[in-house]
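Reckoned from all heavy atoms, side chains included, excluding hydrogens, waters and symmetry mates.
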Amino acid sequence: MKIIMLGAPGAGKGTQAKMIADKYGIPHVSTGDIFRANIKNGTPLGTEAKQYMDKGLLVPDELTVKILLDRVAQEDCKNGYVLDGFPRTIPQAEVLDKALAELGDKIDYAIDVDVPDENIVRRMGGRRACLSCGATYHIEHVPPKKEGICDVCGQPLVLRDDDRPETVQNRLNVYHEQTQPLIDFYQKKGVLKTVDGTKDMKDVFADIEAVLKA
Ligand code: AP5
Ligand code: MG
């Protein structure tokens, strides 16, 4: 099963993608997590990606596409995967389609987690992220067991550099201009499913499960 998560920054793509990955036993592939791991490890890719991410801009397609195609070519992705944060532009979606078509394959579902901009800005300030394992928390909705420490790997939690309010607004603008057109793109391919992302996380997941069973 090959699934794409669509939705604005902070809509809950990562939260839901992890739940899908756990339930269906497929890898959760997040380009944002891959970039953040590279930033943390001080790699040349991380240094380049950070210049864009801190401004709320997209990392250039050439760089992003290569990383994603390398990742999904790995052994653990052979039975499917859930992509979170990729594709984010029409050219990225076209490259992915072409790469899959060459293998006689295609995307099964593009799930749009729909949340209005007003809700997003409120969510982001409360998010805390683990840069080691990619786990995500929220100080009100999903607090870690011990304040400031990741439940999964014990590393310190941080407010992401791009979760400052002024950057969040930029990310939303970039989303509307460059990523939202993908909703139409996947609608035309007949694989788009929209879920209401303003509900409680468990209810959003129940709606996604219903879509995947249908
Ligand atoms: P990326 O890491 O993908 O960030 P994003 O799309 O901006 O999305 P977020 O991770 O911020 O939000 P999310 O939808 O995963 O929400 P989450 O589940 O955490 O990308 C970061 C940057 O990397 C980009 O800006 C770009 O520069 C670059 N990049 C990445 N991919 C790229 C690509 N393909 N091309 C070019 N550049 C790329 O939830 C948010 C918060 O809300 C959490 O605290 C969570 O606990 C809480 N929450 C979740 N669901 C609910 C709910 N139902 N109710 C209440 N709270 C909830
Ligand atoms: Mg995310």
Side-chain angles (χ1 to χ4, degrees), residues 1-34 56-59 61 64-65 67-69 71-73 77-121 123-124 136 168 171-214:
M1 187 155 54
K2 297 188 174 63
I3 303 171
I4 288 172
M5 303 305 291
L6 295 174
K13 301 181 296 297
T15 301
Q16 298 300 329
K18 282 194 188 77
M19 292 162 94
I20 295 171
D22 286 349
K23 162 123 197 208
Y24 295 91
I26 50 176
H28 166 210
V29 175
S30 157
T31 38
D33 286 352
I34 295 172
L57 300 173
L58 296 185
V59 177
D61 284 346
T64 310
V65 160
I67 283 155
L68 190 277
L69 293 182
R71 176 66 189 89
V72 297
C77 287
K78 72 176 190 309
N79 294 326
Y81 41 76
V82 49
L83 299 186
D84 158 20
F86 187 99
R88 250 185 162 89
T89 63
I90 298 279
Q92 288 183 11
E94 286 171 346
V95 172
L96 176 63
D97 254 22
K98 187 160 167 275
L100 286 171
E102 280 165 10
L103 303 168
D105 210 345
K106 61 171 182 46
I107 290 297
D108 300 300
Y109 299 97
I111 301 175
D112 178 31
V113 183
D114 186 28
V115 178
D117 287 9
E118 317 70 277
N119 302 40
I120 301 279
V121 180
R123 269 188 199 179
M124 300 303 237
T136 298
V168 170
R171 286 161 66 198
L172 281 169
N173 296 343
V174 166
Y175 167 76
H176 291 301
E177 276 166 34
Q178 302 194 53
T179 306
Q180 212 171 15
L182 290 174
I183 293 180
D184 222 37
F185 180 92
Y186 287 109
Q187 171 93 58
K188 286 189 181 126
K189 292 191 179 289
V191 295
L192 182 78
K193 307 285 171 187
T194 303
V195 295
D196 177 356
T198 64
K199 294 185 186 174
D200 185 86
M201 290 170 200
K202 289 191 184 68
D203 296 330
V204 179
F205 186 60
D207 290 351
I208 291 177
E209 283 182 295
V211 159
L212 299 180
K213 273 187 207 133

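Pairing each heavy atom of Ala93 with each of Pro87, the nearest pair is N-CB, 3.5 Å. Residues Asn79 and Ile26 come closest through the heavy atom pair O-CG2, 4.1 Å. Looking at every heavy atom in both residues, Pro9 comes nearest to Lys13 through CA-NZ, 3.9 Å. Closest non-hydrogen pair, Gly197 versus Val204, comes out as CA-CG2, 4.1 Å. Residues Ala110 and Leu6 approach most closely at CB-CD1, 4.2 Å, considering heavy atoms. For Gly56 against Val174, the heavy-atom pair with the smallest separation is O-CG2, 3.6 Å.
For the pair Asp117/His176, a side-chain contact is recorded, criterion being any heavy-atom separation below 4.5 Å from C-beta on. No side-chain heavy atom of Thr194 sits under 4.5 Å from any side-chain heavy atom of Val113. Using a 4.5 Å heavy-atom threshold, the side chains of Ile20 and Ile3 count as touching. Residues Asp105 and Lys2 meet the side-chain proximity criterion, which asks for heavy atoms closer than 4.5 Å. With contacts defined as side-chain heavy-atom distances shorter than 4.5 Å, the pair Arg71/Tyr81 does not qualify. Under the 4.5 Å side-chain criterion, counting only non-hydrogen atoms from C-beta, Val191 is in contact with Tyr186. Using a 4.5 Å cut-off on side-chain heavy atoms (C-beta onward), Asp84 and Val82 make no contact. Contact annotation: the side chain of His28 approaches that of Asp33 to within less than 4.5 Å [non-hydrogen atoms, C-beta and beyond].
A salt bridge is absent between Asp22 and Lys18; no separation between the charged side-chain nitrogens and carboxylate oxygens falls under 4.0 Å. With salt bridges taken as basic N to acidic carboxylate O contacts below 4.0 Å, none links Lys106 and Asp97. With salt bridges taken as basic N to acidic carboxylate O contacts below 4.0 Å, none links Glu94 and Lys98.
At distances below 3.5 Å, not a single donor-acceptor pair connects side-chain atoms of Thr89 with backbone N or O atoms of Gln178.
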**OP:** Show your reasoning for whether side-chain contact (heavy atoms from CB on, under 4.5 Å) applies to Leu68 and Leu83.
**Re:** CA-CA 9 Å; Leu68 190 277; Leu83 299 186; 3.9 Å; yes

Original post:
Which is it for Ile111 and Ile4 under the side-chain contact (heavy atoms from CB on, under 4.5 Å) test, yes or no, and what are the steps along the way?
Top reply: CA-CA 6 Å; Ile111 301 175; Ile4 288 172; over 6 Å; no

Subject >> Leu96 and Phe86: CA distance, side-chain angles, deciding distance, side-chain contact (heavy atoms from CB on, under 4.5 Å) verdict >> reply: CA-CA 9 Å; Leu96 176 63; Phe86 187 99; 4.1 Å; yes

**OP:** Start with the C-alpha distance between Lys199 and Asp207, add both sets of side-chain angles, then the distance that settles salt bridge (Lys or Arg N to Asp or Glu O under 4.0 Å), and finish with yes or no.
**Re:** CA-CA 10 Å; Lys199 294 185 186 174; Asp207 290 351; 2.7 Å; yes

Original post:
Taking it one step at a time, do Asp114 and Val195 satisfy side-chain contact (heavy atoms from CB on, under 4.5 Å)?
Top reply: CA-CA 6 Å; Asp114 186 28; Val195 295; over 6 Å; no

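With values rounded to the nearest 0.5 angstrom, Leu58 atom CG is found 10.5 Å from Arg171 atom CZ. With values rounded to the nearest 0.5 angstrom, Arg88 atom CZ is found 13.0 Å from Gln180 atom CD. The distance from atom CZ of Arg123 to atom CD of Glu118, rounded to the nearest 0.5 Å, is 12.0 Å.
The side-chain tip of Lys188 does not point at the ring of Phe185 from less than 6.0 angstrom away and within 45° of straight on.
Each of Asp112, Ile208, Thr15 was checked for a side-chain contact (heavy atoms from CB on, under 4.5 Å) with Met5, and the lone residue meeting it is Ile208.
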